[in-house]
Colleague: 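Attaching a single structure in structure tokens format; questions to follow.
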2 protein chains.
Amino acid sequence: MLGWEDIRAEVLRRIRARDWPPGALIPGEEALAEEFGVARATVNRALTSLAEAGVIERKKRAGTRVAELPVRRARLEIPVIRLDVLGRGLPYDFKLLADRLAPAPVPVTARLGLPEGTPMRKLETLHLAGGRPFVLETRWLNPAVLPVPLPDFAQVSVNEWLVTHVSLVSGDIAFTAEPASPREAEVMGVVPGTPLLVAERTTQGTGGPVTWVRLAHAPGHRVAMTF
Amino acid sequence: MLGWEDIRAEVLRRIRARDWPPGALIPGEEALAEEFGVARATVNRALTSLAEAGVIERKKRAGTRVAELPVRRARLEIPVIRLDVLGRGLPYDFKLLADRLAPAPVPVTARLGLPEGTPMRKLETLHLAGGRPFVLETRWLNPAVLPVPLPDFAQVSVNEWLVTHVSLVSGDIAFTAEPASPREAEVMGVVPGTPLLVAERTTQGTGGPVTWVRLAHAPGHRVAMTF
DNA sequence: AAGTGGTCTAGACCACCCG
DNA sequence: GGGTGGTCTAGACCACTTT
């Protein structure tokens, strides 16, 4: 018997074979159900899956069309840094370099949607892979939305504690290439100006903005995704 | 009446509220269906959605558990470069800098799974935003899998032509930070060694490996994603 | 106004896999 | 062996949007 994955595969084949070229209207669910000899719900499952993948566009009343410019979507899985390191076959360790309460700089408060000068906790953590610098994490935490008691971040990496103790609702992440600042160069043992892959994240929780973090990766770091 | 999104929201709320802490076994579909007064299929739809999001882990016979380390997934939408530029409110243009047939270098053939020394078409395209260098695209095309006739790539950007004329099946993308090579520096008008955000992609089509491309972005470029 | 996709139901069968 | 999630069916109602 045909399952929804079979239907999906066949529809995909026809699209790729240009039987149904970009922009074309494809048959309605009922028609396809009849053709394949399955229930409409099964066709619906298949088409819903293709729509999520960006291959087709569905509109009520207007029907289903093959996407004109199929948007390619890649999925990035953001692991806890410890697991990222272990996954590369290297022993993991980290050092808490700094931990203090201070008014957050404007770029941070602005991105998080907090009032200027909000006091936040700044944590600087160096993550090590095989004893060598892997990522320098510079983080501003919003103490107002954190559950108590807070752990000792010299023992438990902030990175990991947040994942398990705070419910993160949404956020965004951006990658840039930046020259290593003097501070980064010193901490990571590279020449100032060395290109570093930098990831900047902001995260919102149920109670409001949780954290802003900048991850400066060691030279040569690759962030890989599949689509 | 409760829809599957309501069920999803409520389950998510309980997980976030730690009613069902990480690692906990949550009630079976039938139990939840009864509690919410909906059909099991509706609960299934909600839980399937949460499983796709990485919030829960489902195993037959073992039941459904709250994920221990919820993997955060971010989705990257890879637009055609022209639309990326226009989306930033800048006029788009491009220049074809080079176009020749040559044996592809080993790193390229290796990543695509082609024999060493396979002749491929090398295209170098500079994409401009508001008249200024935006991305330098260095691309190796596998002519064996391309539909004929091929257009004039000085008129139509390869980037765009591929999207609409070749069915891409799968691929991967990786981001790195690299110093601008002398060539890149010259073409993009920056000092050699300037950190550039580089995206490297390989793409497989129905007929085999299609293309390898390296996109070197102008300094300051951000690749943003949401989760 | 009508046809489309989105969703729900109640029932069913099955593969899987833990105990 | 039995309980779980995964899936399918046949029918139904509805919101939406294009014509």
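Quick note: numbers below take in every heavy atom, side chains included, and nothing from hydrogens, waters or symmetry partners. Order of the sequence lines fixes the chain letters, A, B, ..., with proteins taken first and strands second; residue numbering starts at 1 for each chain.
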Colleague: Figure out the CD/C1' separation between A/Glu29 and D/dA12, and round it to whole Å.
Modeller: 14 Å
Colleague: For A/Val38 and A/Lys59, take the nucleotide of DNA chain D holding the closest heavy atom to each; which residue's nucleotide lies nearer the 5' end?
Modeller: A/Val38
Colleague: So, under a plain 3.5 Å distance rule, would you say the side chain of B/Arg61 forms a donor-acceptor pair with the base of D/dT4?
Modeller: no
Colleague: Find the distance A/Glu30:CD to D/dT9:C1' and express it as a whole number of Å.
Modeller: 14 Å
Colleague: Determine whether a donor-acceptor pair (N or O, by modelled atom type, separation under 3.5 Å) exists between the side chain of A/Asp99 and the backbone of A/Leu123.
Modeller: no
Colleague: Which nucleotide wins on minimum distance to the side chain of B/Asn44, given the candidates D/dG5, C/dC8, C/dT7?
Modeller: D/dG5
Colleague: Does the base of C/dT7 carry an N or O that pairs as donor and acceptor with the side chain of A/Arg40 under 3.5 Å?
Modeller: yes
Colleague: Measuring to OP1 and OP2 of D/dT9, would you say a side-chain N or O of A/Thr42 lies under 4.0 angstrom away?
Modeller: yes
Colleague: Return the value, rounded to whole Å, for the distance between atom CG of A/Leu50 and atom C1' of C/dG6.
Modeller: 16 Å
Colleague: Just the rounded figure in Å: distance from C1' of C/dT7 to CD1 of B/Ile7.
Modeller: 13 Å
Colleague: Which comes earlier along DNA chain D counting from the 5' end, the contact point of A/Ala62 or that of A/Asp6, where each point is its nearest nucleotide?
Modeller: A/Asp6
Colleague: Of the listed nucleotides (D/dT9, D/dT7, C/dG5), which one gets closest to any side-chain atom of A/Ala39?
Modeller: D/dT9
Colleague: Write down the distance between CZ (A/Arg65) and P (D/dT17), rounded to a whole number of angstrom.
Modeller: 15 Å
Colleague: Using only side-chain N and O atoms of A/Arg45, determine if any of them is under 4.0 Å from OP1 or OP2 of D/dC8.
Modeller: no
Colleague: Return the value, rounded to whole Å, for the distance between atom CD of B/Glu57 and atom C1' of D/dT4.
Modeller: 16 Å
Colleague: With a 6.0 Å cut-off on ring centres, are B/Phe134 and B/His221 close enough?
Modeller: yes
Colleague: Can you check the A/Ile56 CD1 to C/dT4 P distance for me, whole Å?
Modeller: 15 Å
Colleague: Go through D/dT7, C/dG6, D/dG5 for me and flag the one nearest to the A/Arg58 side chain.
Modeller: C/dG6
Colleague: Evaluate the ring planes of B/Phe94 and B/His127, with Trp represented by its six-membered ring, and classify them as parallel (under 30°), tilted (30 to 60°) or perpendicular (over 60°).
Modeller: tilted
Colleague: Determine whether a donor-acceptor pair (N or O, by modelled atom type, separation under 3.5 Å) exists between the side chain of A/Ser157 and the backbone of A/Asn159.
Modeller: yes
Colleague: Considering only C/dT7, D/dT4, C/dG6, which nucleotide approaches the side chain of A/Lys60 most closely?
Modeller: C/dG6
Colleague: Answer yes or no: does a side-chain N or O of B/Thr64 lie under 4.0 Å from OP1 or OP2 of D/dG5?
Modeller: yes
Colleague: Please give, in whole Å, the distance from D/dT4 C1' to B/Leu25 CG?
Modeller: 10 Å
Colleague: Closer than 3.5 angstrom, by distance alone: can the side chain of B/Arg73 be matched with the main-chain N or O of B/Glu52 as a donor-acceptor pair?
Modeller: yes
